[in-house]
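First the structure, in the form of structure tokens, and then the observations on it.
Residue numbers count from 1 along this sequence. These numbers come from a predicted model, not from an experiment.
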Amino acid sequence: MCISNYMGSTRLLISNNDETIKVYSLPGLQRITSIQLPTAVNHAAVSPDGKMMVAVGDTNSVYLYDISPDGNYTRISTLTGTSDAGFSCAWNQTSDKFAVAAQDGFVCVWDIKNTGEKIAKFGSSQNAALKGACRCVKFSQSGSIDLMMYSEHVSHVNFVDARTFDQVQSVRVSPPGIDNHIAGVTFSPDSRTAFVGWFNFQFSKIFRLNIIQI
């Protein structure tokens with residue numbers, strides 16, 4: 001699910017296993033269009049400026065779309081991520097870079113000015129086949145803090161300096177000796193706090209992490 005702004009209006013995008021992304025108006029929930037893809041869709045993200053969309057699904061393909069002024073979605077490129085399905089995708093706050101998190105434990109980053117090559121690639125801190133699949137990726141969206149955060153299947157989240165993509169900090173959010181499944185991650189509106197939700201078979205919890213960027 002993705003909520004985006006378009007020409008002063010708000011849209012809701014729903015990714016589906018029927019190989020479509022369905023687009024609705026908010027708050028009226030009127031169907032605007034349905035975008036057909038060649039695979040089951042796991043996630044789609046619209047750039048903050050509302051001009052581009054990226055989508056990923058049950059293959060290693062990454063689908064890049066242009067959003068025209070009249071609201072049409074046109075696929076302009078199909079990229080190759082890593083070797084497995086994409087779980088999540090996100091745009092940075094200036095709409096010129098996007099990232100994809102994949103099942104094989106990698107996060108790839110592209111610059112919209114040259115999508116022929118990835119500008120960065122990050123791995124999980126754990127064995128991808130067992131614990132380290134990269135589930136969710138987010139960019140901070142406001143202020144001077146410029147970070148990318150991605151979660152692993154269990155217990156760990158990673159923070160990347162999105163100004164240079166040359167520094168990574170891995171944070172364990174589960175107690176020592178215990179692995180908990182990470183349900184999702186997000187930044188606060190001012191980007192000064194990160195929230196991590198995890199669960200096990202007994203209970204769930206949301207962690208709050210304060211961010212200091214030098």
Item to check | Contacts of type ring pair (Phe, Tyr, Trp, His ring centres under 6.0 Å), residue Y150, not counting sequence neighbours | outcome: none
Item to check | Separation between CG of D104 and CG of N60, rounded to the nearest 0.5 Å | outcome: 8.5 Å
Checklist entry - To the nearest 0.5 Å, what is the distance between CD (E152) and SG (C136)? => result 12.5 Å
Checklist entry - Are the side chains of V23 and I35 in touch, meaning some heavy atoms are under 4.5 Å apart? => result yes
Item to check | Closest approach of S15 to A44 (non-hydrogen atoms, all atoms of both residues) | outcome: OG-N, 3.4 Å
Checklist entry - Could you state the interatomic distance from OH (Y73) to OG (S34), rounded to the nearest 0.5 Å? => result 11.5 Å
Checklist outcome for this item: Smallest heavy-atom separation, S68 atom then D66 atom, equals N-OD2, 3.7 Å
Checklist entry - Do Q36 and I21 come close enough that some side-chain heavy atom pair is under 4.5 Å? => result no
Next on the checklist: Could you check whether any side-chain heavy atom of V46 comes within less than 4.5 Å of a side-chain heavy atom of I67, counting everything from C-beta outward?
Outcome noted: yes
Checklist entry - Does some side-chain heavy atom of K97 sit less than 4.5 Å from a side-chain heavy atom of F165? => result yes
Next on the checklist: Looking at every heavy atom in both S95 and P48, which two are closest together, and how far apart are they?
Outcome noted: OG-CD, 3.1 Å
Checklist entry - What closest approach, in Å, do S140 and S191 show between heavy atoms, and which atom pair accounts for it? => result CB-OG, 3.4 Å
Next on the checklist: Would you say F106 ends up clustered with V168 if hydrophobic residues are merged whenever their side chains have heavy atoms under 4.5 Å apart, either directly or through other cluster members?
Outcome noted: no
Item to check | R208/N210 under side-chain contact (heavy atoms from CB on, under 4.5 Å): CA gap, chis, key distance, verdict | outcome: CA-CA 7 Å; R208 174 175 175 166; N210 293 327; 3.8 Å; yes
Checklist outcome for this item: For D84, the side-chain hydrogen bond (donor to acceptor under 3.5 Å, both in side chains) test, sequence neighbours excluded, returns none
Checklist entry - Within a strict 4.5 Å, meaning less than it, do heavy atoms of the H156 and S151 side chains meet? => result no
Next on the checklist: Within the 4.5 Å heavy-atom criterion, are Y63 and T39 side-chain neighbours or not?
Outcome noted: yes
Next on the checklist: Just to verify, what does K51 make a side-chain hydrogen bond (donor to acceptor under 3.5 Å, both in side chains) with, not counting sequence neighbours?
Outcome noted: none
Item to check | Nearest heavy-atom neighbours spanning S124 and C134 | outcome: CB-SG, 4.2 Å
Identify each donor-acceptor pair in which a side-chain atom of residues 115-122 lies under 3.5 Å from a protein atom, sequence neighbours left out, and give them as a table.
{"residue": "K118", "atom": "NZ", "partner": "T80", "partner atom": "O", "Å": "3.3"}
{"residue": "K118", "atom": "NZ", "partner": "G81", "partner atom": "O", "Å": "3.2"}

Checklist entry - Between F199 and A183, which heavy-atom pair has the shortest distance, and what is it? => result CD2-CB, 4.0 Å
Item to check | Donor-acceptor pair between Q141 and Q93 side chains, under 3.5 angstrom | outcome: no
Checklist entry - Given a cutoff of under 4.5 Å between side-chain heavy atoms of I, L, V, M, F, W and Y, with clusters grown through shared members, what are the other residues clustered with W110? => result M52, V54, V56, V62, L64, I76, L79, W91, F98, V100, I112
Next on the checklist: Could you check whether N92 and D146, counting side-chain N and O atoms only, form a donor-acceptor pair closer than 3.5 Å?
Outcome noted: no
Next on the checklist: Is the shortest side-chain heavy-atom distance between K138 and F187 below 4.5 Å?
Outcome noted: yes
Next on the checklist: Applying side-chain contact (heavy atoms from CB on, under 4.5 Å) to V137 and M148, what does each step give before you reach the verdict?
Outcome noted: CA-CA 7 Å; V137 60; M148 184 181 77; 3.8 Å; yes
Checklist entry - Rounded to the nearest 0.5 Å, how far does CG of L37 lie from CG of D18? => result 10.5 Å
Checklist entry - Out of curiosity, S204 OG to H181 NE2, how far, rounded to the nearest 0.5 Å? => result 13.0 Å
Item to check | salt bridge (charged side-chain N to carboxylate O under 4.0 Å, His left out) partners of D96, counting only residues at least two apart | outcome: none
Checklist outcome for this item: So CZ of R11 and CD of Q30: to nearest 0.5 Å the spacing works out to 12.0 Å
Checklist entry - Quick one: ring pair (Phe, Tyr, Trp, His ring centres under 6.0 Å) partners of H43, sequence neighbours excluded? => result none
Checklist entry - What pairs with D179 under salt bridge (charged side-chain N to carboxylate O under 4.0 Å, His left out), at least two apart in sequence or on another chain? => result K131, R172
Checklist entry - Taking only residues two or more places apart in sequence, or in another chain, which ones meet D166 in a salt bridge (charged side-chain N to carboxylate O under 4.0 Å, His left out)? => result none
Checklist outcome for this item: Connected to L26, directly or through other members, by ILVMFWY side-chain contacts below 4.5 Å are M1, I3, L12, I14, Y24, L29
Item to check | Residue pair I182 / R135, side-chain heavy-atom distance below 4.5 Å | outcome: no
Item to check | S170: side-chain hydrogen bond (donor to acceptor under 3.5 Å, both in side chains) partners, not counting sequence neighbours | outcome: N158
Next on the checklist: Could you walk me through whether L147 and V160 satisfy the side-chain contact (heavy atoms from CB on, under 4.5 Å) test, starting with their C-alpha distance in whole Å, then the side-chain angles of each, then the deciding distance to 0.1 Å, before giving a yes or no?
Outcome noted: CA-CA 6 Å; L147 294 173; V160 178; over 6 Å; no
Checklist outcome for this item: Under a side-chain separation threshold of 4.5 Å, the hydrophobic residues clustered together with I206 are F195
